[in-house]
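These notes concern the structure reproduced below.
None of the values given here were measured: they were computed from a predicted structure.
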Amino acid sequence: MNFHLRLWRQKSADTPGRFEGIEATNITPDCSFLEMLDIVNNRLITDGKEPIAFESDCREGICGTCSLVINGVPQGPGRGAACQVYMRKFKDGETIFVEPFRAGSFPILKDLVVNRSAYERIMRAGGFISEHTGGAPDASAILIPKPVADKAMDAAACIGCGACAAACPNSSAMLFVGAKVTHLNLLPQGQPEAKKRARAMVRAMDEEGFGNCSNYYACEAVCPASVSASVIAKLNRDYIKGEVSEAVGAID
Amino acid sequence: MILDAKIPAGPLEQKWTNFKNNAKLINPANKRKFNVIVVGSGLAGASAAATLAELGYQVDCFCFQDSARRAHSIAAQGGINAAKNYQNDGDSVWRLFYDTIKGGDFRAREANVYRLAEVSRNIIDECVSQGVPFAREYGGELTNRSFGGAQVSRTFYARGQTGQQLLLGAYSALSAQIGLGRVQMHEHTEMLDLVLVNGHAKGIVARNLITGEIKSHAADTVLLCTGGYGNVFYLSTNARGCNVTATWRAYKRGAAFANPCYTQIHPTCIPVAGDYQSKLTLMSESLRNDGRVWVPKKKGDNREPQDIPEEERDYYLERKYPSYGNLAPRDISSRSAKEACDSGRGVGPGGLGVYLDFSAAIQRLGRNTIEERYGNLFEMYENITGESAYERPMRIYPAIHYTMGGLWVDYNLMSNIPGLHVLGEANFSDHGANRLGASALMQGLADGYFVIPNTLGEYLSTQFGGPKITTDLPEFKKTEEEVRERVNKLLSVKGTVPVDTFHRELGLILWDKCGMARTEAGLKEAIAEIKALRERFWKEVCVPGVGAELNQSLERAGRVADFLEFGELMCLDALTREESCGGHFRVEHQTPDGEALRHDDTFASVFAWLYKGEGNEPELEREPLSYEAVHLATRSYK
Ligand SMILES: Cc1cc2nc3c(=O)[nH]c(=O)nc-3n(C[C@H](O)[C@H](O)[C@H](O)COP(=O)(O)OP(=O)(O)OC[C@H]3O[C@@H](n4cnc5c(N)ncnc54)[C@H](O)[C@@H]3O)c2cc1C
Ligand code: SF4
Ligand code: FES
């Protein structure tokens, strides 16, 4: 198969970028999208040109490293991450646009590589259960009903890729934050810090410059881990409880 | 040099307790004065960094990805073992210990493995209290599944994403410590060398992958938690970035590399489809709980699987290993698949595949149960191959998956270089010649949460009162200079051949000659071929761009340059170990029915290789393995 790629090229964070046309010729349909980019890159290198910078690691949709916008869709067509897109999904001769994630809080570093450290800082503000290694009670001491464990798992499946913020017209990170808050706040172990967690993570999110949710659901549509937008409702509830309890000086 | 494993005295069951009772402690005020470098943020690195910071040490943690959460541990699917015996099916610490020793074909250290089995129970407690959402029964209890090489159900799991959930647990603990300012996290930073001061590991030189800046970092001790080297084969189930660089650089500074030829080939991966492929995808071993492995009895039978009647199918694992059946250990299952394909009965393109069939399980349990258990794996399979495993059997074939070899460490997880500790897949310690499924996650977390916090004091307590180590020392300047030279050397070859081409060629050599079956002649050829390939690399490789920028070709070139050296050591190790054991199968050494034939009198030892300078043959040290509690038996799963 042959494709006309329109790829975003940008030398570094502080230089302007632009689309560049590159041909991807003679590509097997069983190739993954990233393997297609590998082939293109190796040809560029052989021709003495600079390859396209893009990140990936696991190439099976779980690490959240790859971060492409393919034809305007963060993480590309179909469910799953960009590394799970296969070329058989495209038409022979198609023009394909490839861009980095676009969100003010994810500055572009080079070509298709963005800086997502804003998500790290949100996690550090409250995305954990404070506990001390070695002090845990027996794992079976607290029973957790299966439906609760399953719901926590659904939310915990988030791969931290950033597609939600990239897809959102408000660049909101609420699906990501909601996923973590829902995962931990549903579990009995997460209760002691539930309100504090929601409050701290939302404040950190605001500080990073992410917008608010106004119910576009674009995040849910692109999320490679199928995190449901209902986590945002849970986040809002827990956040309000957190703010109120702080305002009235209650014990969280 | 004498490799002293420092195994504590006393009966096996008492060793770890005795050790802890007598271990050197560092008081809280002193802990704050010690700086610890942790390279790696996978299960081993993240758990160690978080726990040591909780204890009060100053920690610097490094990873090459843009987030600690993306370490390759995230990709582990199937589960983690622990001797909890929640199922009341006869499990115990002893049984987990014995299964692991036997699974490793009696080539691991008893004391280490026993400790691993002991702390396995604490790991599950720890993870649950961090919020790891393990699978549960309706009554709220934790549930288990069984894995290869065991006859009990002791594997805990979180859907098909166990590694992800365990890593996110460790990462959240790490994030908390970073937030508190006790860990300084260095993402997108790759360690390129180890710095020794007076023969002790006191720092690293690392390159910032975004700016290209090469910088030294000093500490009182260094922990390498940099994962395995499976990517030396190019095609493997590992993530793209997995590499041998950190451990290889340490080896070149004097650390012993143990058992490099012990590599694990996983029996259930999606077969290779073409030369464009960049990685192989694992289909978790847990699938063998419900899937049955078979090939047609007839050679070259290319009927559709559903058209092949029951009596014309060879369920070869059930036939050859009736007591373990489809859950025979990985090395044995992989070799059996190869045998079936070599005999012309393989299925799919090129005859390099066998069936993993779920139809019986779907009939027995219903599609919903199967979907609940393996839904995401089936989806992944369909996405890659375009075939639905609910409707026709999966096609699978073995692929490189894990590396049991690694830097040599003693009971305290310290290498022969004082101050250099090695954790997780990067060390050689617990799995002998073959790792059982769901035991790597267990080992990574055991090392980081429970072992190193107790053993680190043995070294640090000897380090009081010395001059403060800073990066101004000449040792740092010199190592930095050497790293810069190496980077410049890669950039200045200015050939025309992309790095990937060399990597792929290296992989093919190793897969053919140092893969599932190894021979003396083949290994000798491989060594010569690797040498030649390495020469070509340094003449023809093309690394575009400059050093002071984000340059992924340069990153890859550095890793492949190290693989090209390391591959040779792997083959040398395989050549020297003239026996078969676990994942190391020397064709010359097999029983009449084709099973691995060990030679315990000569080879019941760890092979630890020491670097002796460019162009010189490395020196082999042997650490004898003495078995006090178990009897060296021929491993049988029949
Ligand atoms: C697909 C797959 C499935 C698996 N499933 C299971 C399973 O079900 N059960 C099980 O027990 N095991 C499983 N394993 C094995 C297990 O996942 C690994 O052995 C284990 O996670 C390794 O953990 P680690 O912490 O040692 O290393 P890793 O998780 O590989 O982490 C290595 C870390 O080191 C860093 N690093 C490496 N080199 C450098 C450098 N030069 N400079 C700076 N940083 C560096 C990386 O950034 C990373 O943070 C699986 C493996 C694979 C590939
Ligand atoms: S919620 Fe979904 S889209 Fe957002 S970071 Fe997590 S996995 Fe990515
Ligand atoms: S590379 Fe890991 S999710 Fe795509």
Subject >> Interchain contact, A/Leu186 with chain B, by part (heavy-atom threshold 4.5 Å) >> reply: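 Nothing of A/Leu186, per the 4.5 Å heavy-atom cut-off to chain B.
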**OP:** Measure the spacing between OG of B/Ser73 and CD1 of A/Ile62 and express it to the nearest 0.5 Å.
**Re:**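 With rounding to 0.5 Å, OG (B/Ser73) is 12.0 Å from CD1 (A/Ile62).
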**OP:** Measure the spacing between NE2 of B/His72 and CG of A/Asp57 and express it to the nearest 0.5 Å.
**Re:**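 Between B/His72 NE2 and A/Asp57 CG, I get 8.5 Å after rounding to 0.5 Å.
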Subject >> Flag, side chain of B/Gln164 to backbone of A/Ala157, donor-acceptor distance under 3.5 Å >> reply: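 Checked: pair present.
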Original post:
Hey, is the main chain of B/Thr51 close enough, under 3.5 Å, to the side chain of A/His132 for a donor-acceptor pair?
Top reply: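 Looks like no, no N/O pair under 3.5 Å.
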Under a 4.5 Å cutoff for heavy-atom pairs, which residue among [options] has the most contacts with chain B?
options                              : answer
A/Gly61, A/Ser140, A/Ser32, A/Pro145 : A/Ser140
A/Ala152, A/Ala53, A/Ala141          : A/Ala53
A/Phe54, A/Tyr86, A/Tyr119           : A/Tyr86

Tell me yes or no: between the side chains of [X] and [Y], is some donor less than 3.5 Å from an acceptor?
X        : Y        : value
B/Ser67  : A/Arg116 : no
B/Tyr86  : A/Asp138 : yes
B/Gln165 : A/His183 : no

Original post:
Should B/Arg69 and A/Glu120 count as an ion pair when the cut-off is N to O under 4.0 Å?
Top reply: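 A/Glu120 and B/Arg69: not salt-bridged.
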